[in-house]
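This is a predicted model, so every value here is computed, not measured. Counting starts at 1 for both ligands and their atoms, in listed order. In what follows, residues are counted from 1 in the order of the sequence shown.
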Amino acid sequence: MSPYWSEVAKSLTPYVPGEQPKLANLVKLNTNENPYGPSPKVLAAIRRETSDALRLYPDPEGTRLKAAVAGYYGDIEPQQVFVGNGSDEVLAHVFLALLKHDQPILFPDISYSFYPVYCGLYGVAFDKVPLTDTFEIRPDDYLRPNGGIIFPNPNAPTGRALPLAGIQRIVAGNPNSVVVVDEAYVDFGAESAVALIKDHPNLLIVQTLSKARSLAGLRVGFAIGEAKLIEALERVKDSFNSYPLDRLAQAGACAAIEDHEWFERTRQAVIRSRSALSRDLADLKFEVLPSAANFIFVRHPQRDASELMQQLRERGIIVRHFRQPRIDQFLRISIGTDEECAALVAALREILSA
Ligand SMILES: *Cc1c(COP(=O)(O)O)cnc(C)c1O
């Protein structure tokens, strides 16, 4: 701290992202990155865009990207799409534009830890709604007065998915507030709620290209909802940064959304590896929550989670542990290549037999 800091800067509790270690040769299973690279068509599109044109500002509207997202979903118009520099930035604008009201917003007690950080940044009050004992969202718990609702589906870090009927119950039961479904992991096994948008003007879906499209390094996210919701996001964006997506990001993101084949192949590979890893860890007596994401959330009945994390680290494998009530005995493990999963299983077998 310093006397030069504003009261806002002094008051913040920033988000702590998963470690990005500088060491090479680590098996990195801690931040849910995709183990497979992005589509070669993405890299080609970025190379094509790498030209003298970089002296010019990019399209501030992201017109082509909005059209690509709308085209991918079919019954969505480009003016129902908002694009931003990673879904974290999209979410930030959502908090200021759509979730900051008099009443507290609601989100699960175990959820994406960036939500309370945005509440702190923008002065949004919140109430945490406990998940059930089996870490599920119970829709009826969200049928009470609120200033807005946000949750990931599948949830993070549990990996559990809420079926579409449950989402519909929450959205239909809260016509006076915006319900935000953060679908960062939806392509790994949950059902997208985009189909509900036409009947629900209070529903906003947020997605990212960081996970299933393997572009965490490019920073592209988007939101889909009724045009009036999108207009509020554009107003905040144009009061903050008119050019959040650079030329390379827009070109790469369009190519990623248009390459259906690469997307299908890599996400199916992750889903297959998730089943195999879940079975292997169950054989080692881990309790494995059913996951619809590209990670699994596991606990061992006899071993302390933070010690396990440390022992894995000593063997060059990093996973994520959250020092947080209810989940401090769990580890979140991203799905790697089959080779990385095998290294993890071998290390755990060795640790557990000691
Ligand atoms: C990874 C993640 C994001 C952020 O994704 P970016 O687009 O990389 O900013 C948002 N929400 C959840 C739940 C995530 O896990």
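- Figure legend: cation-pi geometry between Arg267 and Phe188 absent, as NZ or CZ is not positioned both under 6.0 Å from the six-membered ring centre and within 45° of its axis.
- Under 4.0 Å is where a charged nitrogen must lie from a carboxylate oxygen, and between Glu234 and Lys66 at least one such pair does.
- Geometrically, Arg274 does not engage Tyr185 in a cation-pi contact, judged by NZ or CZ lying under 6.0 Å from the ring centre and within 45° of the ring axis.
- Here the two rings, on Tyr118 and Phe107, have centers that are 6.0 Å apart or farther.
- For Tyr122 and Phe95, the ring centers are positioned 6.0 Å apart or more.
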Which pairs of N or O atoms, one from ligand 1 and one from the protein, are separated by less than 3.5 Å, and what is the distance for each pair?
from	atom 1	to	atom 2	distance (Å)
ligand 1	5 (O)	Ser87	OG	3.0
ligand 1	7 (O)	Ser87	N	2.6
ligand 1	7 (O)	Ser87	OG	3.0
ligand 1	7 (O)	Thr208	OG1	2.5
ligand 1	7 (O)	Ser210	OG	3.3
ligand 1	8 (O)	Ser210	OG	2.6
ligand 1	8 (O)	Arg219	NH1	2.8
ligand 1	8 (O)	Arg219	NH2	3.3
ligand 1	9 (O)	Ser87	N	3.3
ligand 1	9 (O)	Asp88	N	3.0
ligand 1	9 (O)	Asp88	OD2	3.2
ligand 1	9 (O)	Arg219	NH2	2.7
ligand 1	11 (N)	Asp182	OD1	3.3
ligand 1	11 (N)	Asp182	OD2	2.7
ligand 1	15 (O)	Tyr185	OH	2.5
ligand 1	15 (O)	Lys211	NZ	3.0

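- With values rounded to the nearest 0.5 angstrom, Leu344 atom CG is found 6.0 Å from Leu281 atom CG.
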